[in-house]
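First comes the structure, then the notes that go with it.
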Amino acid sequence: MKTQPLYLKDSYLKEMKAKVLDVKPDGNGWKVIIDKTVFYPMGGGQPTDQGTLTSDLWKSEVYQVLMKDGEIWHHLKSSDQPTIGMSLHGVINWDRRYKNMRVHSAGHVVDFAMYLLGYSPKTLMPFKGDHGKKSYIVYLGSLNEDVKQRLEDKTNELVKKDLKFTTLFQPFEVLQKEAIYLQPGLPINKPLRTLRLETVGAVADGGTQVKSTKEVGEIIISSIEDKEGNTVVNYSLAS
Ligand SMILES: [Zn+2]
């Protein structure tokens, strides 16, 4: 990947200086690859960042950021073509990102609670999640009991404890020792981004995260559905 993903090291970076490395026409505007970015590309269930890229004589809105064929493309509204080598100042829409970060971290609090209750990954295997406007986690397998209240209680117990989230890069063999589960298909030949929740455990994760469970705030488990043998946990932030 040509772009240094600054958001993986620090989820709280709101702006950066960067240089344009590649430009391609895209619909009515342009898309660019830049040498470093704080813009999170849509993925892992977390929505795209939006914001602006500006140079001395040029400015554009970034409406979407996508990872395609291993490269991060910033999709621009501007009809004026940016040029390779151009120096830019990038700023993300922080309100949007911070909300997305809280919803994403909330999903992990719910998932860690499922682990502490003993359901995941034994009876239910985490499969995927979506942390946008409609937020949910899909587990492979079903439960034959109603755990909605117990899950909400355990989740908010973790919130009240104000446990710290930390992220770090470590080799697969090291992550393997502390992970509560490993998603299939993780690369084993490069350091893996790890999300750790104080006193609970760790998982491999590539998204942006808040610093503690208190920052997520109260979480509502709105429903748990059984869909064709899979379990869907729908959750949301109370505020
Ligand atoms: Zn995640």
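Because the structure is predicted, anything quoted here is derived from the model rather than measured. Both counts, for ligands and for their atoms, begin at 1 and track the order of listing.
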* To do: Could you tell me whether I188 atom CD1 has more than 12 heavy atoms of other residues or ligands within 6.0 Å of it?
  => no
* Asked: Hey, is the Zn ion (ligand 1) within less than 2.8 Å of some N/O/S atom on H131?
  -> no
* Any chance NZ of K14 has more than 12 other-residue heavy atoms, nucleotides or ligands included, within less than 6.0 Å? -> yes
* Asked: In D205, the N, O or S atom nearest to the Zn ion (ligand 1) is which?
  -> OD1
* Separation between CG of D205 and CD of Q46, rounded to the nearest 0.5 Å -> 8.5 Å
* Identity of the N, O or S atom of H104 lying closest to the Zn ion (ligand 1) -> NE2
* To do: Determine whether more than 12 heavy atoms belonging to other residues, nucleotides or ligands lie under 6.0 Å from atom NZ of K36.
  => yes
